[in-house]
Enquirer: 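Here you go, one structure.
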Amino acid sequence: MMLAKKVGVDLGTANVLVYVRGRGIVIDEPAVVALSVRDNTVVAVGNEARSMMGRTPGGIQVIRPMRDGVIADYLITEAMLRYFIGRVMGRFSLIKPEVMICVPAGVTSVEQRAVRDAAEQAGARKPAHLVPEPLAAAIGAGIPVGSARGHMVVDIGGGRTEAAVISMYGVVVSASARMAGDRLDDAIASYVKRRHNLIVGDRTAEEVKIAVGSALPVDEGLACAVRGRDQITGLPKTITVTSVEIAQAIQDHLATIVQAVKSVLERTPPELASDVMDHGIVLTGGGALLRHLDELLTQECGVPCYVADAPLQCVAIGAGVALEHLDLVKRNLPTESESLVASYN
Ligand code: ADP
Ligand code: MG
């Protein structure tokens, strides 16, 4: 008898990833949707929609439905999810796959239900399962979450940073801050506007962050050219920024991330805190790739921090693997996520 495929979905604010047990990551695309303004129908999703960003005629609008870590437009998020899952499902026509989805912390039960429904409509076996994001991130990072020891993970995505201490498949203490990659991009855009009178779009700001962004102002001779529009003349212009400048432009934002991590450490029971000191803190999500962020967090929190292998993929892989431990994951699902999550907005 054939076994059902096991599928993990990371519904991120910046990227959606789908992991299939035995095949690995099969979808990795931006969480972007292009819509027809007239009737709100979906024109394109993922890579195709992203390539249209900032370049569409009036009748088409390109949005990131989950930007800033809130589900800005639920119906569009649902359509996007259905599109991605549907693309994977096509291959499993006979036996419906088991699907585990990570949803952002703090989504309401109505939204949770809608995510479930979208997955089931797209062909997932009922019921589709949900897993807390930090738990999936920890599993995907290879942390032994089943042990009775405390392990800490900090996931820095596009819209949100989530820090959590995990033990025996459960989230013991956590914090969520609406401060992550997107807000760093915004800080970079407003810096080049203020300092260099240059107007740049979101994508350019993100490219600068990836090219020369740094969490510490260490001079490594890193610099890059930035193209945009001169605020005064209105004409195209190119300037150069250094990694030291960018580090200064984002330092206040990074302080908010540090604060969220510290707030978890402060609330962690002593036995588990001692485990975290021993094991260190594992960083996941695309934001973890910011240069020297591990060092900044190590300095500020006094606990060694490490970036996971393939930090962008941890949540999707962890969601897929979590299906192997369904009973343990379910046993620990919080009934009221608010009771575990402190928010720093
Ligand atoms: P989400 O889970 O919210 O979809 P991801 O974990 O996919 O987010 O991470 C996306 C974020 O990571 C974006 O803000 C992106 O700019 C950022 N990012 C990706 N690569 C790097 C890098 N090398 N340096 C800094 N930030 C990065
Ligand atoms: Mg994520």
Side-chain angles (χ1 to χ4, degrees), residues 8-19 25 27-33 46-47 50 53 64-72 77 80-81 84 100-107 130-141 153-164 174 176-189 200-216 222 224 243 246-247 249-250 253-254 257 282-297 307-319:
V9 180
D10 172 7
L11 180 59
T13 63
N15 297 297
V16 177
L17 282 80
V18 179
Y19 168 88
I25 303 284
I27 288 178
D28 178 357
E29 297 203 26
V32 176
V33 179
N47 286 326
R50 184 178 159 104
M53 259 177 146
R64 283 185 45 200
M66 313 233 308
R67 196 185 147 88
D68 293 331
V70 279
I71 299 185
T77 302
M80 177 177 78
L81 188 60
F84 284 127
M100 176 77 90
I101 305 189
C102 304
V103 280
V107 296
L130 303 177
V131 60
E133 221 161 7
L135 176 59
I139 295 172
V153 60
V154 179
D155 182 86
I156 304 142
R160 212 171 337 94
T161 294
E162 280 185 305
S174 72
S176 175
R178 209 168 280 173
M179 172 61 71
D182 292 339
R183 299 276 296 271
L184 299 183
D185 301 345
D186 294 346
I188 291 168
V200 298
D202 292 348
R203 284 191 70 170
T204 300
E206 184 184 21
E207 282 162 16
V208 171
K209 175 183 70 179
I210 292 173
V212 300
S214 172
L216 292 173
L222 265 183
C224 77
S243 64
I246 299 301
I250 62 178
H253 289 63
L254 296 177
I257 294 178
V282 174
L283 310 180
T284 65
L289 291 167
L290 183 71
R291 279 178 202 78
H292 306 300
L293 183 59
D294 48 352
E295 287 166 58
L296 173 73
L297 286 167
V307 181
D309 290 339
L312 283 154
Q313 301 185 348
C314 290
V315 170
I317 296 171

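Ligands are counted one by one from 1 in listed order, and the atoms in each one are counted from 1 as well.
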Enquirer: Applying side chain to side chain contact (heavy atoms under 4.5 Å, CB included), can you list everything that pairs with Ala249, at least two apart in sequence or on another chain?
Expert: Tyr191
Enquirer: For ligand 1, which atoms sit closer than 4.0 Å to a heavy atom of Leu289?
Expert: 20 (N), 21 (C), 22 (C), 23 (N), 24 (N)
Enquirer: In the protein, what heavy atom is nearest to atom 3 (O) of ligand 1, and what distance, to one decimal place, separates them?
Expert: Thr13 OG1, 2.6 Å
Enquirer: Decide yes or no for Val208 and Cys224: does some side-chain heavy atom of the first lie under 4.5 Å from some side-chain heavy atom of the second?
Expert: yes
Enquirer: Is there side-chain contact between Ser243 and Arg291, with heavy atoms separated by less than 4.5 Å?
Expert: no
Enquirer: Check this for me - ligand 1, Asn15, N or O atoms closer than 3.5 angstrom, yes or no?
Expert: yes
Enquirer: Can you find an N or O of Ala14 that's nearer than 3.5 Å to an N or O of ligand 1?
Expert: yes
Enquirer: Which protein non-hydrogen atom lies closest to atom 2 (O) of ligand 1, naming both residue and atom, and how far is it?
Expert: Gly12 CA, 3.7 Å
Enquirer: Ion pair present between Arg64 and Glu206, side-chain N to carboxylate O less than 4.0 angstrom?
Expert: no
Enquirer: Look at the side chain of Thr161 and the backbone N and O of Met179, then say whether any donor-acceptor pair between them is shorter than 3.5 Å.
Expert: yes
Enquirer: Tell me whether ligand 1 is touched by Gly213 - counting only heavy atoms on the residue side and a distance under 4.0 Å.
Expert: no
Enquirer: Please state which protein non-hydrogen atom is closest to atom 8 (O) of ligand 1 and give its distance, to 0.1 Å?
Expert: Gly158 N, 3.1 Å
Enquirer: Do any N/O atoms on Asp155 end up under 3.5 angstrom from N/O atoms on ligand 1?
Expert: no
Enquirer: Within the distance-only criterion (no hydrogens, no angle test), does the side chain of Arg183 pair as donor or acceptor with the backbone N or O of Arg160 below 3.5 angstrom?
Expert: no
Enquirer: Give a yes or no on this: more than 12 heavy atoms of other residues, nucleotides or ligands lie within 6.0 Å of atom CG of Asn47.
Expert: yes
Enquirer: Applying side chain to side chain contact (heavy atoms under 4.5 Å, CB included), name anything that partners Leu289, two or more places apart in sequence or on another chain.
Expert: Pro311, Leu312
Enquirer: For ligand 1, find out whether one of its N or O atoms is nearer than 3.5 Å to an N or O atom of Lys209.
Expert: yes
Enquirer: How far is atom 6 (O) of ligand 1 from the closest protein heavy atom, and which atom is that?
Expert: Gly286 N, 2.9 Å
Enquirer: Please indicate whether any nitrogen or oxygen in Ile156 is less than 3.5 Å from any nitrogen or oxygen in ligand 1.
Expert: no
Enquirer: Could you list the atoms of ligand 1 found under 4.0 angstrom from a heavy atom of Glu206?
Expert: 13 (C), 15 (C), 16 (O)
Enquirer: Which ligand 1 atoms are under 4.0 Å away from a heavy-atom of Gly181?
Expert: 14 (O)
Enquirer: Indicate yes or no: at least one non-hydrogen side-chain atom of Glu133 is less than 4.5 angstrom from one of Asp10.
Expert: yes
Enquirer: Is there a side-chain contact between Leu290 and Leu254, using heavy atoms and a 4.5 Å cut-off?
Expert: yes
Enquirer: Identify, by atom number and element, the atoms of ligand 1 in contact range of Leu290, meaning under 4.0 Å from any of its heavy atoms.
Expert: 24 (N), 25 (C)
Enquirer: Please could you name the atoms of ligand 1 that Leu312 approaches to less than 4.0 Å, counting only its heavy atoms?
Expert: 5 (P), 6 (O), 7 (O), 9 (O)
Enquirer: By number and element, which atoms of ligand 1 are closer than 4.0 Å to a non-hydrogen atom of Gly285?
Expert: 6 (O)
